[in-house]
Amino acid sequence: MPAARYLNLKQQQIKKTNNITTLPLLAADKQKHSQKAMTAKSDKEILANSMYEDDPNGNSAPTTLDQESEQPAAGQLQEATTAGATSTAATSPRWGPQNKGAQELASLYSPGKRAQEIICVYTCIGLMIINFGLIVKHLRWERISVAFISALCGIITADFASGLVHWAADTWGSVDLPLIGKNFLRPFREHHLDPTSITRHDFIETNGDNFMVGIPILGYLAHYFYIKSPCEIQQNFGWIAYVFLCSIFVAMTNQIHKWSHTYWGLPRWVLLLQSCHIILPRKHHRIHHVAPHETYFCITTGWLNWPLEKLRFWSTFEFIIERFTGLKPRDDDLKWAKKLT
């Protein structure tokens with residue numbers, strides 16, 4: 001390939017890929033800027049910096065080395081060929097499963113963690129079936145409207161709960177913390193380094209932790225059906241519907257999250273729910289995956305993301321916590337982001 005032609009192609013490649021994804025090396029600067037400004041991102045910034053839909057992991061992004069490598073002199077074909085090989089290596093996947101940090105985090109998934117997830121998934125599914133049968137048994141047509149409104153409130157509560165847990169796990173703590181670090185914070189760190197790793201997890205690994213949260217809620221609800229009379233159950237049927245739908249959507253949150261990262265092979269009914277924004281849509285969740293992952297934390301339906309962002313809900317709490325504790329938001333997350341291939 002002539003050197004002049006190589007240079008033109010390389011410049012075009014850099015110009016094209018610079019707009020695909022945010023470089024992890026710039027994450028610290030972006031975080032510092034966002035903490036000062038504490039303002040919502042514009043649509044243009046979101047589209048420019050979020051995951052590219054045809055390449056969800058942003059694996060096509062060039063590295064700093066690629067942008068700073070010396071250009072070959074005209075006529076020096078051998079040097080141009082060598083530089084071309086360097087450019088190819090520099091633009092090889094730096095996110096995704098090839099990322100050093102992602103590989104290290106994935107290796108921390110232990111047999112003990114797997115056993116906990118299996119127990120939680122099967123226990124929670126059993127409680128779901130029991131409670132659903134009891135609700136159908138006690139359902140009366142005159143209570144349908146109350147049950148519907150209560151169920152809607154339960155879904156909204158689940159969406160807020162998903163945002164609160166997601167924000168806390170993304171923003172604070174470390175993988176090195178005893179008990180919760182490797183077992184519960186590790187998946188959040190891995191997910192930012194390899195966003196579509198969740199699509200390679202089976203049902204157990206995807207949903208184990210969320211189903212664990214649903215067990216005490218559904219267990220209490222089943223006990224409530226056992227100890228209360230039919231009259232008392234009818235009087236509190238709205239509350240029962242609220243608790244049941246809230247627990248179901250809490251349990252299914254990570255499965256819904258997984259679907260928002262799945263770009264092929266989804267069932268039509270899932271695509272329909274996403275397009276109607278009944279569950280988290282794929283394009284909506286892209287907003288969270290803009291480094292340094294500081295907004296749009298609600299991942300069940302995503303309904304609360306826009307109002308919470310307008311209220312600066314998360315950034316205000318981060319400012320208060322940092323002011324009184326000295327802890328830096330997403331400090332551990334940025335540490336793992338610097339572990340490049």
Side-chain angles (χ1 to χ4, degrees), residues 18-24 26-61 95-96 155-156 158-171 187-199 249 253-263 266 270-271 273-318 329-330 333-334 337:
N18 272 345
N19 292 324
I20 292 178
T21 187
T22 303
L23 296 177
L26 299 178
D29 292 337
K30 287 175 69 66
Q31 182 186 30
K32 186 182 296 183
H33 174 75
S34 64
Q35 289 174 350
K36 291 180 180 180
M38 294 177 66
T39 56
K41 291 181 174 63
S42 66
D43 291 341
K44 183 177 181 180
E45 288 174 317
I46 291 166
L47 292 174
N49 296 308
S50 62
M51 294 184 301
Y52 187 51
E53 286 193 356
D54 294 332
D55 182 15
N57 284 326
N59 287 336
S60 299
W95 291 105
I155 295 172
I156 294 173
D159 194 41
F160 178 77
S162 74
L164 184 63
V165 173
H166 190 186
W167 168 76
D170 271 7
T171 309
F188 291 88
R189 304 294 179 268
E190 180 188 2
H191 182 59
H192 287 169
L193 296 176
D194 184 7
T196 54
S197 64
I198 192 173
T199 65
F249 271 77
T253 287
N254 219 32
Q255 183 63 49
I256 294 171
H257 181 206
K258 177 179 179 178
W259 288 331
S260 75
H261 283 282
T262 303
Y263 284 77
L266 283 177
V270 173
L271 294 174
L273 291 176
Q274 288 179 337
S275 63
C276 296
H277 206 153
I278 296 174
I279 61 175
L280 184 70
R282 290 177 291 185
K283 289 185 178 181
H284 181 92
H285 187 52
R286 287 178 63 189
I287 301 173
H288 174 70
H289 283 272
V290 178
H293 310 93
E294 61 185 354
T295 188
Y296 274 46
F297 292 100
C298 299
I299 54 173
T300 303
T301 62
W303 296 346
L304 297 179
N305 280 322
W306 185 83
L308 289 176
E309 176 68 11
K310 290 300 179 182
L311 292 171
R312 301 180 182 178
F313 184 84
W314 308 115
S315 57
T316 300
F317 272 94
E318 290 172 14
R330 288 166 289 278
D333 198 47
L334 291 172

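What you see is a predicted model; the values in this text were computed from it and never measured.
Checked options His191, His288, His166; the residue passing with His257 is His191 (criterion: side chain to side chain donor-acceptor pair (under 3.5 Å)).
The 12-atom threshold is exceeded at CZ of Phe160, counting heavy atoms of other residues, nucleotides or ligands nearer than 6.0 Å.
Ala161 is linked by a side chain to side chain contact (heavy atoms under 4.5 Å, CB included) to nothing, counting only residues two or more places apart in sequence or in another chain. Scored by the side chain to side chain donor-acceptor pair (under 3.5 Å) test, Thr301 finds Asp159 as partners (sequence neighbours excluded).
Contact check for Asp333 versus Asp170: no side-chain heavy atoms found under the 4.5 Å cut-off. Taking 4.5 Å as the limit, every side-chain heavy atom of Trp167 sits out of range of all side-chain heavy atoms of Phe313.
A side-chain donor-acceptor contact under 3.5 Å links Ser162 to the backbone of Ile299. The backbone N or O of Trp259 sits less than 3.5 Å from a side-chain atom of Gln274, completing a donor-acceptor pair. The closest donor-acceptor contact from the side chain of Trp303 to the backbone of His277 lies under 3.5 Å.
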(message) Please determine whether side chain to side chain donor-acceptor pair (under 3.5 Å) holds for the pair Thr199 and Thr262, giving the CA-CA distance in whole Å, both sets of side-chain angles, and the decisive distance to 0.1 Å.
(response) CA-CA 6 Å; Thr199 65; Thr262 303; 5.5 Å; no

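Interatomic distance, CG of Leu304 versus SG of Cys298, reported as 5.0 Å (0.5 Å rounding).
Nearest heavy-atom pair across His284 and Gly302 is NE2-O, 3.4 Å.
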